[in-house]
There are 2 protein chains.
Amino acid sequence: MSVAALQQEDTRTLVLGAALRLFTEKGYFNTSVHDIGRTAGVSIGSIYHHFGDKEGLARTLYAALTARMQHLIDGVVRREGSSHDQARELVARLFAWAEAEPREMAFLLYARHREFLPNEPPVCASRPFAMMREMITRGIARGEIRQMDVMVASASLFGGPIRMITSRLDGILPQPLPGYLDEVWDCAWRAVATA
Amino acid sequence: MSVAALQQEDTRTLVLGAALRLFTEKGYFNTSVHDIGRTAGVSIGSIYHHFGDKEGLARTLYAALTARMQHLIDGVVRREGSSHDQARELVARLFAWAEAEPREMAFLLYARHREFLPNEPPVCASRPFAMMREMITRGIARGEIRQMDVMVASASLFGGPIRMITSRLDGILPQPLPGYLDEVWDCAWRAVATA
DNA sequence: TAAATTAGAACGAACGTTCGTTCTAATCAC
DNA sequence: GTGATTAGAACGAACGTTCGTTCTAATTTA
């Protein structure tokens, strides 16, 4: 990669980082493109050169983060093992990610994307959530999870863990998430497990 | 109440209704005060006379809805009975409310209030959520709920039901919420119940 | 008539966006 | 190897629009 291309990548990274920070701290609509440029140390023109418009910037950020989430889930599903082990591993990784990159998780879970990305489907309808439901379906087929409505099972198994993540992001959980993992997972699994 | 006072109440109600509708449909920042006035059939001046500014309007709406939520919870807590019965009744009422007034529930659960009401505490830190935690604490003391971290128990018991509500609001649940109540509650209670 | 309320035109600040220019570094000509 | 040429990245002042808010005149109420 040429020196120019490297600098170009730097600029994009700088801008995306500033946008993520400002969007999660102040919200999309309370953040101006001028703010982002100032925070990133990059000119307005540059931003428009790279991302087209403000919405394009948000879309790029959103795409990058959902891709990362997708990658995380793929890594879990690829591993062999029971549905129980897969789902637990998924929760463990989500906890770790939320702790390491709270802003990224906040942007994914919290931001009302529909308000500024009108053409994106709602988060719940996206691949990641669909794969969680597939995990459930497999678990029911294997007899690990009780026979029940898939949406109910999905909400019951992941609702608690996700709620823990949002509580942590809101600052009302004193300890890092991984410390709660065992107890949280115990509850979550009891909710849907057979026997 | 005089005729004037009645008309005044009408105006306020009209404006609040229009604001609720537009805020939930398009989001707070995509809704202009002019939009609200046009939808409500009321002048700009009227709105500023009654609510001070756009934020005041949002604050009034938020206060009215949290008061209603508070009232709903009070009604549940006042009834005597086990923690199990109280919590189940709470979920049942939340389901019914979400089905009857989806916009009100959406505004309470979804809207990123921090972005447009900077001085309000986050929803999770509000009275309603605190009372849910109290319900849990009592349940533990009575031996109905297993000994565990209160935050974990709260997330585990109510995380599933709340997730069902947001799914329904997102339109990815085909049936009305009350139809899922038995199955959802069964899962939720298993998550935290003793024995 | 005096006070309270409403109407909507007008205002000013802030925002997203555009565009002409400068700067940089790679490529080409000889 | 040196100077000319070119591509496109970065820049930021300026523009047009939108939005929240104010103001004043008209209307209604008591």
Side-chain angles (χ1 to χ4, degrees), chain A residues 1-23 25-62 111-113 115-119, chain B residues 1-23 25-62 111-120:
Chain A
M1 203 186 273
S2 70
V3 176
L6 281 172
Q7 283 184 350
Q8 198 184 140
E9 266 313 293
D10 275 1
T11 298
R12 290 179 63 95
T13 307
L14 240 38
V15 170
L16 287 173
L20 175 62
R21 190 165 117 207
L22 293 171
F23 287 169
E25 273 172 16
K26 320 198 302 169
Y28 178 83
F29 291 103
N30 289 321
T31 301
S32 71
V33 179
H34 296 264
D35 279 340
I36 297 171
R38 209 176 309 122
T39 304
V42 155
S43 75
I44 297 284
S46 243
I47 295 178
Y48 279 87
H49 173 73
H50 281 293
F51 300 101
D53 58 11
K54 188 184 181 185
E55 193 182 312
L57 174 49
R59 204 173 13 245
T60 304
L61 195 55
Y62 185 64
R112 309 263 58 227
H113 305 112
E115 289 183 16
F116 53 88
L117 298 177
N119 298 325
Chain B
M1 202 186 273
S2 71
V3 177
L6 282 172
Q7 283 184 351
Q8 197 186 138
E9 266 313 293
D10 276 1
T11 298
R12 290 179 64 94
T13 306
L14 240 38
V15 171
L16 287 172
L20 174 62
R21 190 165 117 208
L22 292 171
F23 287 169
E25 274 172 15
K26 319 197 303 169
Y28 178 83
F29 291 104
N30 289 321
T31 300
S32 71
V33 178
H34 297 267
D35 278 340
I36 297 171
R38 210 176 309 123
T39 304
V42 156
S43 77
I44 299 281
S46 253
I47 296 178
Y48 278 87
H49 172 72
H50 282 293
F51 299 101
D53 58 11
K54 189 184 181 186
E55 194 181 311
L57 174 48
R59 203 171 15 242
T60 304
L61 196 54
Y62 185 64
R112 309 263 57 228
H113 306 110
R114 303 303 293 283
E115 290 183 16
F116 52 89
L117 297 178
N119 297 325
E120 299 287 337

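Heavy-atom basis, side chains included; hydrogens, waters and symmetry copies ignored. Lettering of chains follows the sequences in order, A, B, ..., and the numbering in each one begins at 1. Source: prediction; values computed, not measured.
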A:Ile44 CD1 to D:dC15 P, straight-line distance once rounded to whole Å: 17 Å

Length of the line joining A:Asp10:CG and C:dT24:P, which is rounded to integer Å: 16 Å

Length of the CG-C1' vector between B:Leu14 and C:dT6, whole Å: 14 Å

Distance in angstrom units between B:Phe51 CZ and C:dT5 P, rounded: 13 Å

Within-4.5 Å side-chain heavy-atom neighbours: B:Ile36 and B:Ile44: no

Rounded distance (Å) that lies between atom P of D:dT21 and atom CG of B:Asp53: 5 Å

Whole angstrom value for the distance that separates P of C:dC15 from CZ of A:Phe116: 17 Å

Whichever of B:Gly45 and A:Tyr28 has its nearest DNA chain C nucleotide further upstream toward 5': B:Gly45

Test item: A:Phe51 and A:Arg12 side chains (from C-beta on) under 4.5 Å apart, heavy atoms: yes

N or O in side chain of B:Ser43 less than 4.0 angstrom from C:dA7 OP1/OP2: yes

Below 4.0 Å: OP1/OP2 of D:dA10 and any side-chain N or O of A:His50: yes

Whether A:Tyr28 and A:Phe116 hold their rings parallel, tilted or perpendicular, with breakpoints at 30° and 60°: parallel

Distance in angstrom units between B:Leu22 CG and D:dC19 C1', rounded: 15 Å

A:Thr11 side chain reached by A:Ile47 side chain, heavy atoms, under 4.5 Å: no

Contacting residues from residues 30-39 of chain B, given that a heavy atom lies under 4.0 angstrom of DNA chain D: B:Thr31, B:Ser32, B:Val33, B:His34

Side-chain N,O (A:Thr11) to OP1/OP2 (D:dA10) below 4.0 Å: yes

Length of the OH-C1' vector between A:Tyr48 and C:dT18, whole Å: 9 Å

Side-chain N or O of A:Ser46 closer than 4.0 Å to phosphate OP1/OP2 of D:dA9: no

Euclidean distance, B:Arg114 CZ relative to A:Asn30 CG, rounded to 0.5 Å: 12.0 Å

Side-chain heavy-atom pair A:His50, A:Val42 within 4.5 angstrom cut-off: no

Heavy-atom check, side chain of A:Ser43 versus side chain of A:His49, under 4.5 Å: no

A:His49 side-chain N/O to D:dA9 phosphate OP1/OP2 under 4.0 Å: yes

